[in-house]
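Worksheet: one structure, shown below.
Counting starts at 1 for both ligands and their atoms, following the listed order. Note that the structure is a prediction, hence the values are computed from the model and not measured.
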Amino acid sequence: MARIFGDAHVRRFYPKVLTVEETNVRINLAIERARTEGFHFQAAELKGSGELIGLIGLGVLSEWVQAANPSHRTVEIGWMLAKEHWGKGLAPEGAREWLDYAWSIGLPEVLAVTAKENAPSQRVMQKIGMTYDPAGDYEDLRLDEGHWLRPRVVYRKRNPTS
Ligand SMILES: CC(C)(COP(=O)(O)OP(=O)(O)OC[C@H]1O[C@@H](n2cnc3c(N)ncnc32)[C@H](O)[C@@H]1OP(=O)(O)O)[C@@H](O)C(=O)NCCC(=O)NCCS
């Protein structure tokens with residue numbers, strides 16, 4: 001996972017790559033969140049070989065995103081895969097399973113958030129039936145004004161069974 005988090009191309013829509021230590025902090029946080037919230041971003045593996053290819057999962061939206069727009073107080077879906085596995089529809093495949101899980105535990109809605117410039121991630125959102133919410137546009141206040149990654153977008157999907 002540290003190789004993926006440390007890859008500048010994988011992280012090109014993020015402010016920086018992560019070190020091994022920072023990756024371990026994320027993994028420990030994910031384990032803790034899964035324990036307290038019941039779910040979090042988790043390792044994604046190839047079905048056939050079990051090879052670790054990245055992460056896909058659900059997470060309660062982080063506090064800074066919720067602070068940017070209180071109506072976002074909900075659960076997000078997200079993904080990050082090693083670049084040799086891009087373009088095979090694996091992120092949508094895993095994300096659909098996670099959406100089914102979200103509906104099975106009765107979540108009313110799932111959001112997805114990303115940098116406005118991150119077209120590949122928005123393609124995954126579209127492929128799994130999420131809808132862009134123009135009213136949800138917000139800024140990543142951790143970044144300087146004018147930073148190209150500051151504008152962020154929100155996609156939504158409601159629980160089809162509720
Ligand atoms: C976003 C991401 C998970 C997509 O995963 P995936 O399994 O490749 O998804 P898909 O195969 O459905 O491809 C989705 C889009 O990615 C783009 N894409 C596919 N292969 C690509 C490649 N080799 N290089 C660059 N972009 C590529 C295309 O725009 C594609 O859309 P299309 O199918 O309409 O052409 C993956 O690109 C990734 O891990 N990116 C880096 C991390 C990241 O930005 N995560 C999202 C943070 S919000």
Side-chain angles (χ1 to χ4, degrees), residues 1-20 22-27 29-30 33-34 37 39-69 71-102 107 109-134 136-143 147-157:
M1 196 67 91
R3 182 177 65 79
I4 300 170
F5 271 113
D7 184 325
H9 191 51
V10 171
R11 298 280 293 180
R12 69 197 189 287
F13 296 110
Y14 293 83
K16 64 184 194 72
V17 298
L18 299 190
T19 63
V20 174
E22 288 167 331
T23 303
N24 278 332
V25 169
R26 293 288 180 95
I27 291 171
L29 182 72
R33 288 273 173 83
E37 320 264 18
F39 52 80
H40 201 68
F41 302 119
Q42 289 188 6
E45 297 175 348
L46 286 183
K47 279 181 184 163
S49 63
E51 179 191 346
L52 174 71
I53 61 165
L55 63 84
I56 307 177
L58 301 174
V60 175
L61 271 178
S62 57
E63 280 172 20
W64 72 268
V65 180
Q66 293 186 16
N69 185 337
S71 74
H72 297 164
R73 190 172 295 280
T74 182
V75 170
E76 68 168 325
I77 188 165
W79 34 70
M80 186 175 66
L81 301 186
K83 60 178 177 278
E84 61 270 25
H85 294 290
W86 292 358
K88 303 174 195 165
L90 294 173
E93 181 183 334
R96 284 188 195 101
E97 297 291 331
W98 273 103
L99 280 182
D100 285 348
Y101 174 74
L107 295 179
E109 185 183 45
V110 169
L111 299 196
V113 296
T114 193
K116 200 171 197 123
E117 295 290 335
N118 193 340
S121 191
Q122 290 177 60
R123 282 295 296 138
V124 177
M125 296 169 195
Q126 292 155 8
K127 287 179 183 188
I128 63 173
M130 302 189 84
T131 307
Y132 171 53
D133 174 11
D137 285 5
Y138 67 101
E139 306 250 298
D140 184 345
L141 299 177
R142 300 168 303 176
L143 300 174
H147 192 290
W148 70 285
L149 291 174
R150 209 168 126 118
R152 292 177 61 88
V153 294
V154 177
Y155 280 66
R156 299 173 178 273
K157 189 173 171 85

4.0 Å heavy-atom contact, [X] with ligand 1:
| X | value |
| --- | --- |
| Ala119 | no |
| Ile56 | no |
| Pro92 | yes |

Any idea which heavy atoms bring [X] and [Y] closest together, and the distance?
| X | Y | value |
| --- | --- | --- |
| Leu149 | Ala115 | CD2-CB, 3.9 Å |
| Ala2 | Val20 | CB-CG2, 4.0 Å |
| Gly59 | His40 | CA-ND1, 3.9 Å |

Can you pull out the closest protein heavy atom to [atom]? Residue, atom name and distance to 0.1 Å, please.
| atom | answer |
| --- | --- |
| atom 17 (C) of ligand 1 | Pro120 CB, 3.7 Å |
| atom 11 (O) of ligand 1 | Gly89 N, 2.8 Å |
| atom 8 (O) of ligand 1 | Gly87 N, 2.7 Å |
| atom 35 (O) of ligand 1 | Arg123 NE, 4.9 Å |
| atom 44 (O) of ligand 1 | Asn118 ND2, 2.8 Å |

Taking distance alone, with no angle check, do [X] and ligand 1 share an N/O pair under 3.5 Å?
| X | result |
| --- | --- |
| Trp79 | yes |
| Leu81 | yes |
| Arg12 | no |
| His9 | no |
| Ala91 | yes |

Flag, side chain of [X] to backbone of [Y], donor-acceptor distance under 3.5 Å:
| X | Y | answer |
| --- | --- | --- |
| Arg11 | Lys16 | yes |
| Trp86 | Leu81 | yes |
| Arg123 | Pro120 | no |
| Glu22 | Thr19 | yes |

With heavy atoms of [X] as the reference, note each atom of ligand 1 found under 4.0 Å away.
| X | answer |
| --- | --- |
| Thr114 | 48 (S) |
| Ser121 | 1 (C), 46 (C), 48 (S) |
| Val124 | 4 (C), 9 (O) |
| Val113 | 48 (S) |
| Lys88 | 11 (O) |
| Met80 | 39 (O), 42 (C) |

Heavy-atom nearest neighbour of atom 13 (O) of ligand 1 within options Glu117, Lys83, Lys127
Lys127

Out of Phe13, Tyr14, Trp86, who is nearest to atom 47 (C) of ligand 1 when you count heavy atoms only?
Tyr14

Is there a side-chain contact (heavy atoms from CB on, under 4.5 Å) between Leu143 and Trp148 once you walk through the steps?
CA-CA 9 Å; Leu143 300 174; Trp148 70 285; over 6 Å; no

Hey, are the side chains of Arg33 and Val60 touching, using non-hydrogen atoms and a 4.5 Å cut-off?
no

Is the closest side-chain heavy-atom distance between Lys157 and Ile128 below 4.5 Å?
no

Does some non-hydrogen atom of the protein lie less than 4.0 angstrom from [atom]?
| atom | answer |
| --- | --- |
| atom 40 (N) of ligand 1 | yes |
| atom 37 (O) of ligand 1 | yes |
| atom 25 (C) of ligand 1 | yes |

Does Lys47 NZ have over 12 foreign heavy atoms under 6.0 Å away?
no

Aromatic plane relationship, Tyr155 with Tyr132 - under 30° parallel, 30 to 60° tilted, over 60° perpendicular:
tilted

I need the Ile77 CD1 to Met130 CE distance, nearest 0.5 Å.
6.5 Å

Once you round to the nearest 0.5 Å, how far does NZ of Lys116 lie from CD of Gln122?
8.5 Å

